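Quick note: numbers below take in every heavy atom, side chains included, and nothing from hydrogens, waters or symmetry partners. The structure displayed is predicted, hence computed values, not measured ones.
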Amino acid sequence: AHALPERVSQVGVLSCGGPFDAPAAFAGMGRANRMMWSAIDRRPRLARFMLGQQAKMVAKNPTKAATQAIKTLSGADKGAIAGLTSDQQLGFFTGPMSEAFANGPDAVYEDMSILRRPWDFDIAQVNQRVQLWHGDADTSAPAAMAEYLVARLPSCVPHFGVGEGHISTILADIDDALRVLGPQRS
C-alpha cells in the first residue's frame, strides 16, 4: 500500500504483526514466540538451528509437526481448532508448514529477519483504508501490535474480537473479511 499507492485501493489484515520496535511489541506474546523472535535478532545461529530442526520434522513427518504445533496453541486458538475435524486440523497446518519449509529453513529465517527489522517507512503515510481484524487474546501477534497500527494508520477500521486469538480470528473472520474487501456492488 505504501509502495504502490496508485495500485492498492484498500488493505485487509487478519491477526497481523506490527513493528517489533513499537512499545510493548512483546507484551502478551507467548514464551516460545518471544524466544524465537528474540533469537532472530540477537542469536541468529540459534534461530537458524531451531528453524532447521522444525524444517527436518516437517519434511520427515508433517503430521507429527502439525500435531505438535496444535499442542502449543493458546486457549482461544485451541478452542477454534477443536471445532474442526482431525483432517481439517492437520490440513490447516501441514500444507502451509510444508510449503514454508519446502526448501529448508532459509526462506522462513529470511522472512522472519525482514519482519523483525525496523520498518523503513512511516505507516502514517498509508492513506488507503485498512481493515484490520485482530483478537485481543492473540499470543502470537499480541493485540498491542494491532493497537499500535490502529493508532497510526489514518484510515484504519479495526475489528477486535473479544477473547479471540491468532488462529481463531482468522477462522472466525475470514468470511467477513472477504465480504468487506471483495468487489463492491452498486
Side-chain angles (χ1 to χ4, degrees), residues 1-20 22-30 32-34 37 66-67 69-100 108 111-112 114-116 119 121-186:
H2 178 265
L4 300 169
E6 69 283 352
R7 300 203 57 196
V8 178
S9 61
Q10 66 177 332
V11 177
V13 290
L14 286 98
S15 299
C16 65
F20 283 94
F26 291 94
M29 186 179 287
N33 286 338
R34 267 194 332 269
W37 286 112
T67 301
I70 291 167
K71 287 179 183 177
T72 67
L73 296 176
S74 64
D77 291 334
K78 269 190 198 301
I81 290 295
L84 303 176
T85 67
S86 294
D87 287 345
Q88 289 172 326
Q89 288 179 24
L90 293 176
F92 191 84
F93 288 93
T94 54
M97 288 172 72
S98 295
E99 182 67 26
V108 174
D111 282 353
M112 292 181 79
I114 291 167
L115 291 170
R116 185 70 174 91
W119 293 6
F121 66 95
D122 180 3
I123 59 173
Q125 294 176 355
V126 174
N127 294 312
Q128 298 91 332
R129 181 187 311 248
V130 176
Q131 301 277 348
L132 183 146
W133 287 265
H134 206 92
D136 68 354
D138 190 332
T139 59
S140 295
M145 287 184 168
E147 291 163 356
Y148 178 88
L149 295 173
V150 169
R152 283 156 185 79
L153 289 163
S155 297
C156 187
V157 180
H159 309 268
F160 281 101
V162 176
E164 293 293 341
H166 196 71
I167 293 169
S168 63
T169 295
I170 296 167
L171 293 174
D173 294 325
I174 188 66
D175 291 335
D176 186 45
L178 292 172
R179 181 186 55 74
V180 168
L181 297 167
Q184 302 301 311
R185 303 182 200 284
S186 26

Check G28 against P142 and note the closest heavy-atom contact, atom names and distance.
C-CG, 3.9 Å
Considering only heavy atoms from C-beta outward, does the side chain of L171 approach that of L84 to under 4.5 Å?
yes
Check whether any side-chain heavy atom of I167 lies under 4.5 Å from a side-chain heavy atom of I81, and answer yes or no.
yes
Applying salt bridge (Lys or Arg N to Asp or Glu O under 4.0 Å), name anything that partners R129, two or more places apart in sequence or on another chain.
none
Give me each pair satisfying salt bridge (Lys or Arg N to Asp or Glu O under 4.0 Å) with a member in residues 134-158, each pair once, sequence neighbours excluded.
none
What pairs with E6 under side chain to side chain donor-acceptor pair (under 3.5 Å), at least two apart in sequence or on another chain?
none
Please identify each residue that fulfils side chain to side chain contact (heavy atoms under 4.5 Å, CB included) with A76, with sequence neighbours left out.
S168
Consider side-chain contact (heavy atoms from CB on, under 4.5 Å). Of P5, C156, S155, which one does Q128 pass it with?
P5
Main-chain N/O of G135 paired to T169 side chain as donor or acceptor, under 3.5 Å
yes
Shortest non-hydrogen contact from K78 toward K71:
NZ-O, 3.0 Å
Please identify each residue that fulfils side chain to side chain donor-acceptor pair (under 3.5 Å) with Q131, with sequence neighbours left out.
H159
In the structure I gave you, are the side-chain heavy atoms of S15 and W133 within less than 4.5 Å of one another anywhere?
no
Is the shortest heavy-atom distance from the side chain of V8 to the side chain of V11 under 4.5 Å?
yes
For D111, enumerate each residue passing the salt bridge (Lys or Arg N to Asp or Glu O under 4.0 Å) test, keeping only those at least two apart in sequence or located in another chain.
none
Do F92 and I70 have side-chain heavy atoms sitting under 4.5 Å apart?
no
W37 versus M29: any side-chain heavy-atom pair under 4.5 Å?
yes
Listed partners of N127 passing side chain to side chain donor-acceptor pair (under 3.5 Å), at least two apart
none
Heavy-atom closest pair (V108 atom, A100 atom, distance to 0.1 Å) is CG2-O, 3.4 Å
Considering residues at least two apart in sequence or located in another chain, which fulfil the ring pair (Phe, Tyr, Trp, His ring centres under 6.0 Å) criterion with F26?
F20
Can you list everything that forms a ring pair (Phe, Tyr, Trp, His ring centres under 6.0 Å) with F93? Sequence neighbours excluded, please.
none
Side chain to side chain donor-acceptor pair (under 3.5 Å) involving S140 - partner list, sequence neighbours excluded:
N33
Is a side-chain N or O of S98 found less than 3.5 angstrom from the main chain of G95, in a donor-acceptor match?
no
Side chain to side chain contact (heavy atoms under 4.5 Å, CB included) involving D87 - partner list, sequence neighbours excluded
T85
Salt bridge (Lys or Arg N to Asp or Glu O under 4.0 Å) pairs, two or more places apart, involving residues 167-178:
D176-R179
Taking every heavy atom of V150 against every heavy atom of P158, the minimum-distance pair comes out as CG2-CB, 3.8 Å
Determine, step by step, whether L149 and L132 satisfy the side chain to side chain contact (heavy atoms under 4.5 Å, CB included) criterion, reporting the C-alpha distance in whole Å, the side-chain angles of both residues, the deciding distance to 0.1 Å, and the verdict.
CA-CA 9 Å; L149 295 173; L132 183 146; 4.2 Å; yes
Dump the intermediate steps for side chain to side chain contact (heavy atoms under 4.5 Å, CB included) on H134 and C16, then the final yes or no.
CA-CA 7 Å; H134 206 92; C16 65; 4.3 Å; yes
